[in-house]
Amino acid sequence: MSDLQEVAQRDQSVSSLPPAPEDAQVTDPPLIAPPVTGPHGGSSGSHVPVGYFDEEGVGQLRRTLTHLSESALGPGTPGTVLSESCETLSVPATGPFDFEKTLRTIMKRQDRAGIHSRELGVMFKDLRVVGLGAAASYQPTFGSLFNPKVILEKIQASRHLPLRDILSGFEGVIRPGEMLLVLGSPGSGCSTLLKMLTNQRAEYHHVEGEVYYDSFTPEYVAKHYRGDVVYSPEDDIHFPTLTVDETLRFAAKMRAPQNRLEGRLRSEFVTRITDITQTVLGLRHVKNTPVGDAVIHGVSGGEKKRVSISEALALRSRITAWDNSTRGLDASTALEFVRALRIATDVAHISNIVSIYQAAESLYRHFDKVCVIYEGRMAYFGRADQARQYFIDLGFEPAHRQTTSDFLVAVTNPLARTVREDFKGPVPQTAAEFASAFSESEASVANHMDMDAYFKEFVGHPERALAYKQSATAEHATTQRKESPYMISVPMQVRAVMLRRLQILRGHIATQLIIFITYILQALVNGSIFLRLKDETSQYFSRAGILFFAILWAALSSIAEIPTLFAQRPIVVKHARAAMYHPFIEAAALTIVDVPITFFTIMMFSLILYFMAGLQASASQFFTFFIFVFTMALVMKAWFRCVAAAFGDPAPAQTVAGLMLLMLALYTGYTIPKPSMIGALKWISYINPIRYGFEGLMSNEFRTLNGTCSNLVPSGTGYENVSLTNQVCGTVGSIPGQSTVDGNRFIAISYDYSYSNIWRNYGIVVGFGVAFITALLFFTEFNTSLTGETSVILFKRGMRAPVVHRAQEKAGTADEEKGIPESLDATEKIHIGSGTSNMDLAVPTMSNLFTWRHVEYDVRVGKGETRRLLADVSGYVAPGKLTALMGESGAGKTTLLNVLAERQAAGVVGGERLVNGYPLPSDFQAQTGYVQQTDTHLAQATVREALLFSAKLRQPPTVPLKEKEAYVDTVLKMCGLEKYADAIVGSLGVEHRKRTTIGVELAAKPKLLLFLDEPTSGLDSQSAWAIVSFLRELADHGQAILCTIHQPSAELFQEFDRLLLLRKGGQTVYFGDIGTNSTTLINYFQTNGGRPCPPDANPAEYILDVIGAGATATTDTDWHSIWKSSPQAKAVDEELDTLLEDGRKRHAIDTERHSEFSTSWIFQVKTLWERSIIRHWRDPTYLVAKFALNVVAALFIGFTFFQAKDSIQGTQNKIFAVFLSLVMSSPLSDQIEGPFIETRRVYEIRERPSRMYSWTALITAQILGELPLNIIGSSVFFLIWYGLVGFPSSRAGYSYLMFGIVYPAYYTTYAQWVAAMSPNHAISAQLSSFFFSFVIIFDGVLQPYKRLGGWKWMYRASPYTYLMEGFLGQALGHSEITCAPVEYVTVRPPQGQTCWQYLSKYISTVGGYVMNPSATDNCQFCSYRTADEFLGSNSNMFWSHRWRNFGFMWIYIGFNIFAVYAMTYIFRIRGPANFFFRRHS
């Protein structure tokens, strides 16, 4: 593609052409090598016409080129230019358009213009890669964290690192214009080799050997030419809301060269490259479609793969590695992908290295070289067209019609390779012997000769290195450092990434609107709570509360960004490794783009909140308020983004962020004023940016406030004529004889704040912001670590696992990549049929025939329209027959499987589905097995536990448990899982997970038939063969099987008896026998006009090609119509009639279950509860996070309010100690929601369709499984926190009952009903926080009850009102308050009266006490005598209500439990649309 890009540079007059080439993309060295040739001459890779993917698009390009050439030859154009243009374009008026010839002609013109391209190859010698750790270990549990033996093992491992060779002894060369295919079993080291050849070394412990990129070392390439060497991972990682066009345009823009022909604009160059990549790879029709992901609907999987290809091509890299890029694609689409690479390699003269697990013969022929890896050793490296013969000469025999790639991988498996009968000499057996045999072979000599030739031609030639540097330098922007690996300058990167950020936000506009609406709702609700505050001292506390909320809300809302930042990190890291932009540019762009959005949001928030609350109505004070809140919002966003950037995993980042938020909120100065902070922790307030922002808001608000006293002491009856001289205001900061309290004096005494510090504080806030943004940019740039999947198979602790012992002894040999350590030992690859002797016992006897006739399926697509996904499909599955279901992507294979299995979620199904000619029994789903394409299991269960769980709940309860356990052991043998029976499912590789999925269905003993959806997808050829062979054996023993399949090899395809072939639209193309060597099937298509099938062709690929399957392929033949009118179709109808007639002579299939589920509800709950407890025990991260949050929060809150005194402020501190403890229920709820939703996902995807158990049993088990853990966590919190704060131990019984039992029961069930109505954890967290904010704000703490106005009903509705009142009433009720010296107010009694004589009547009315009752002057009056007075007058809390509150809390808990079931039923079982809008059929 680099050539394609070069093309764009070479002829900007031919602008439309460059778009695809992105000419500058591949900077070939000064000399342009010939097309693609093999090592020394003849090309071993077949070539592909450039217009293969989009003939119409290429035609349009030809017309565009012609138009451009004509416009370039306008009046006054010199003749030389005319001739050059004609030569450049070579666009004939008629006849075929030779795209490749045109590109090469343009490249010549670019050379004449002095724009040099460049090329790059790679040579490696004695390459060795060393990784850390064994390939198998034991599953950590919560108990193992405290096991002394395990702790000692970890200490020993840290002192003596367990090293293992991942790759060893690799050598070879990939020249420019060559394609290398890398083959090997999963875990053999394929991904590691690809990463090594593209210079991705960071994740490995040590790399040895020599690697040359021409004359450059790996270190030099990483520093200066990182963008020329790119690794494309197996997964397609893109921003899901960006369109295809935006994604490709961004990639082209970031690597667009400076030296463009004829001074063309950079934007024109980008447009041309984008257009050509989309055209050549068939993406024009989806250019404006979002790329999408698992949540956001976008392009199809095949199209997304081509987007990844186009993006990599637009980068103009010289060497590109593609890791298993055909995973999940059907055979036709996979072939198209490799053909696209062949075009790019030929035209752009780049080097491509591809790892593929199932490579068809037609695909294999496109490669020049092949590398075969056997357990980390190089079994072969050389010409692809000679590899097959090499291994035949080595003594091995390929199976009939076995593809070359399958044969090459098979020889690395002791149980899959076959030794030639006529071979007399010894054959290699181990990986070391294979490597040794190759090193002594002629192929190795040829490889060394090729390496020597490359070394002499490319390595150590300063002139080539200089030419390469000059070519790269010429492409750099004029403002970019010439030695930088990045092509455009930092300001240009910032502009481009900012534009992309705006495009991402536009795609996420709904999320932005939700955030904005949340701000507005919070402003409206809180503004109405604090509505029109009066200038009275009684509302001083309320003013502080609204200001605290305003500044804290920005911090609370910012923490929600952490999951999003981690979700996008893999994309940013991928782009940085491709030298598209500095990672810190993404953080800078995010910050800059966020400024105007935050400005507008905070402005609207401030306008509503400020004026509804009635804060000081002056322009200067409002804008000061706005500036502080706006700046604090930006500062706190930078802080939480910095926390996310500093960690490599979201779990610890969220834990730290939550604890930091608690710390910042505590030490702001509102919940505990600075004078009341204990000295040991007061330092936190000095490093707390929110503290300075809060002080700024407080001093700004109170500086002009002179509040009228609301509580003159004394006042009321009997004091009507008292002089103001003998009264004083009860508010802190009052002066005797004055009826107002100066706001400045109030905040000075209460908070130690001063208005004179306001702009100093703002400067400090800005300083924090600068520091946080700097740290954010630093961590984003240098911390590019990613949380990857482990390559270690984990086994249940306490079980003797030979696999673990062997792995630990030799430190393993599995690949540190996607890691399926099946290569631990060749003998571990158990043949799937090892349990054949038990097959008769395992497979129930079957004699029933499943048929379907004229099946149709329609779904609604909006606006009252419907779309037909299946059209008149008929067929049958007979016992003992293995039937394949095939078709191109989008043909409806999975849809048909779901319809036949009665698993469709919506839509209208027509036609007949019968068993023995009778309607399906009501428990049809229970009598069938369905192996889904996705291997969905509870990750913490072992293989044996997963199978036994299925057997216990799906087999009849009359079957004894011992018999079920024995049957599970039999299934384990059948599936080749004996040695992995105690392995943790979540740590298994692809093949063993697939075997487990099949085993789970077999454990249920399906009596009718077994459905399988793409059981071989994502497997290597040997694993795919093992799975299909296993299915073959099941069928041979009487099982009826219907199976969809992708990319079958010829030998694998031959294992099937019958085929149902569909085309797009769900239309039947063929149904019938496949025949010996597929002759019946091939004859049908050849007889009806299909092209002849070559003898060595794969019949599966042949039929897909003939019917026009594939992403862009078409055919002029209507194969559906041909089928409908064919004798074979009529024969199928007649056969169905006969089968149905015979079937009706037998009895109908009985309904074995007369209830929906096999087992009782109580048994279901018990089994699910046991699974839930085991799941949590084996997830130490979850339990540690839960208990750590409780312990750390208890310590922090406890020491913050350490031994709170019995003063007014001390009592207020105790209230806040309880309040903040209840606030901890928010992060604790977030922790609960994740496992709840994950377990529900397993149920909805696999267990519910199988009618394994009731959803009510699942919910009950979820509640019972989670509740004990949270009770323990809250109990630990209580034991630490209660004594530290200083609550009386004599009252701990009731307090523990409320806090240790009732409180966790409430937040557990609250979290679960919110999760029950949420589709995913992200939304549940947002909803939980939103609901929680209203529950917590109306409990009478932040705003006293008597000030709530129209919201008093919410005070009564909030469960935390009763939790707070119950706890505080019991803990503080009937206790005395002793004012601190600063809390006394001085009253001067009239002359001749003592303090008691003057104030006794007032005290008897409102409470309080006098410290010096006998004094005649300066009476020291305290406003409260008892905590009951304080709680009653401020928060409407009373000691006498404590047991009433206890009962009310259980009512709320009961409501929560009911809501869990109700929300699950409405949103997950019935569906909201069906529940609220019931439709009549």
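The six-membered or imidazole ring of F647 lies away from that of F779, with a centre-to-centre distance of 6.0 Å or more.
At least one side-chain heavy atom of R1246 sits under 4.5 Å from a side-chain heavy atom of H937. Residues V409 and V372 have side chains not in contact (no heavy-atom distance under 4.5 Å, counting atoms from C-beta outward). Residues R128 and V130 form a side-chain contact, since some pair of their non-hydrogen atoms from C-beta on lies under 4.5 Å apart. N1270 is not listed as a side-chain neighbour of L1228, based on a closest heavy-atom distance of 4.5 Å or more. Side-chain contact check for R1178 versus T942: some heavy-atom pair is nearer than 4.5 Å. Annotation: side chain of F1277 is not in contact with side chain of L1189 (no heavy-atom distance under 4.5 Å). Two residues are said to be in side-chain contact when any heavy atoms from C-beta on lie closer than 4.5 Å; P140 and L794 meet this criterion. Residues T1167 and L953 meet the side-chain proximity criterion, which asks for heavy atoms closer than 4.5 Å.
Ion pair E1247/R1171 flagged as a salt bridge, since at least one NZ, NE, NH1 or NH2 atom sits closer than 4.0 Å to an Asp/Glu carboxylate oxygen. Note on R1240 versus E1233: no salt bridge recorded, every NZ/NE/NH1/NH2 to OD/OE distance being 4.0 Å or above. A salt bridge does not link E1238 with R1175: every distance from a Lys NZ or Arg NE/NH1/NH2 to an Asp or Glu carboxylate oxygen is 4.0 Å or more. Between E965 and K952 no salt bridge is recorded (no basic side-chain N to carboxylate O distance below 4.0 Å).
The CD atom of E1001 sits 12.0 Å away from the OG1 atom of T996 when rounded to the nearest 0.5 Å. Taken to the nearest 0.5 Å, the CG atom of L1031 stands 9.5 Å off from the OG1 atom of T1016. The structure places OG of S191 at 11.0 Å from CE of M196, a figure rounded to the nearest 0.5 Å. In this structure, CG in L1002 is found 11.5 Å from OG1 in T970, a value given to the nearest 0.5 Å. Between atom CD of residue E1170 and atom OG of residue S1172 there is a gap of 11.0 Å, rounded to the nearest 0.5 Å. Residue Q940 holds its CD atom at 11.0 Å from OH of Y1182, rounded to the nearest 0.5 Å.
Using modelled atom types, one finds no donor on one side chain facing an acceptor on the other under 3.5 Å when comparing S185 with Y357. For the residue pair S188 / Y374, no side-chain donor-acceptor distance below 3.5 Å is found, with atom types taken as modelled.
Under a 3.5 Å cut-off, the side chain of K195 and the backbone N or O of R201 do not form any donor-acceptor pair. Side chain of S950 to main chain of A946: no donor-acceptor pair is present (N/O by atom type, distance under 3.5 Å, no hydrogens or angles). Judged by distance alone, the side chain of S144 and the main-chain N or O of N147 form no donor-acceptor pair under 3.5 Å. A donor-acceptor contact shorter than 3.5 Å links the side chain of S1158 to the backbone of Q955. With R944 contributing its side chain and A981 its backbone, the two residues share no donor-acceptor pair below 3.5 Å. No donor-acceptor distance shorter than 3.5 angstrom exists from the side chain of E208 to the backbone of L127, with no hydrogens or angles considered. With Q200 contributing its side chain and Y231 its backbone, the two residues share no donor-acceptor pair below 3.5 Å.
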Tell me, with the steps shown, if R377 and D165 meet salt bridge (Lys or Arg N to Asp or Glu O under 4.0 Å). CA-CA 9 Å; R377 303 297 295 271; D165 281 357; over 6 Å; no
Begin with the C-alpha distance, continue with both residues' side-chain angles, and end with the deciding distance and a verdict on side chain to side chain contact (heavy atoms under 4.5 Å, CB included) for V959 and Y967. CA-CA 11 Å; V959 179; Y967 183 73; over 6 Å; no
Please determine whether side chain to side chain contact (heavy atoms under 4.5 Å, CB included) holds for the pair K1186 and H1176, giving the CA-CA distance in whole Å, both sets of side-chain angles, and the decisive distance to 0.1 Å. CA-CA 11 Å; K1186 182 185 292 292; H1176 290 315; over 6 Å; no
Test log, rule side chain to side chain contact (heavy atoms under 4.5 Å, CB included), inputs V1191 and V1276: CA-CA 7 Å; V1191 171; V1276 171; 3.7 Å; yes
Output, in order, the C-alpha distance, side-chain angles, deciding distance and verdict of side chain to side chain contact (heavy atoms under 4.5 Å, CB included) for Q429 and R417. CA-CA 10 Å; Q429 299 293 331; R417 57 189 178 226; 3.5 Å; yes
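Taking every heavy atom of both residues into account, S1274 and P1304 meet most closely at OG-CB, 3.6 Å. The two atoms that bring L1168 and A1261 nearest to each other are CB-CB, 3.4 Å, heavy atoms only. Between A645 and N783, the shortest heavy-atom distance links the atoms O-ND2, 2.6 Å. V968 and L948 get closest at one heavy-atom pair: CG2-CA, 3.8 Å. Taking each heavy atom of V1000 and R954 in turn, the nearest pair found is O-NH1, 4.0 Å. Nearest heavy atom pair, residue A1003 against residue L947, reads CB-O, 3.5 Å.
A ring-ring contact (aromatic ring centres under 6.0 Å, His included) with Y1243 holds for exactly one of Y1253, F949, F1236, W1255; it is Y1253.
At least one test fails for R995 against the ring of F1030: distance under 6.0 Å to the centre or angle within 45° of the axis. By the 6.0 Å and 45° rule, K796 does not stack over the aromatic ring of Y138.
Legend: residues meeting side-chain hydrogen bond (donor to acceptor under 3.5 Å, both in side chains) with S1229, ordered by chain and number and at least two apart, are absent. For K994, the salt bridge (charged side-chain N to carboxylate O under 4.0 Å, His left out) test picks out D935, with sequence neighbours left out.
Within 6.0 Å of atom CH2 in W1169, 12 or fewer heavy atoms from other residues, nucleotides or ligands are found, so the atom counts as exposed in its surroundings.
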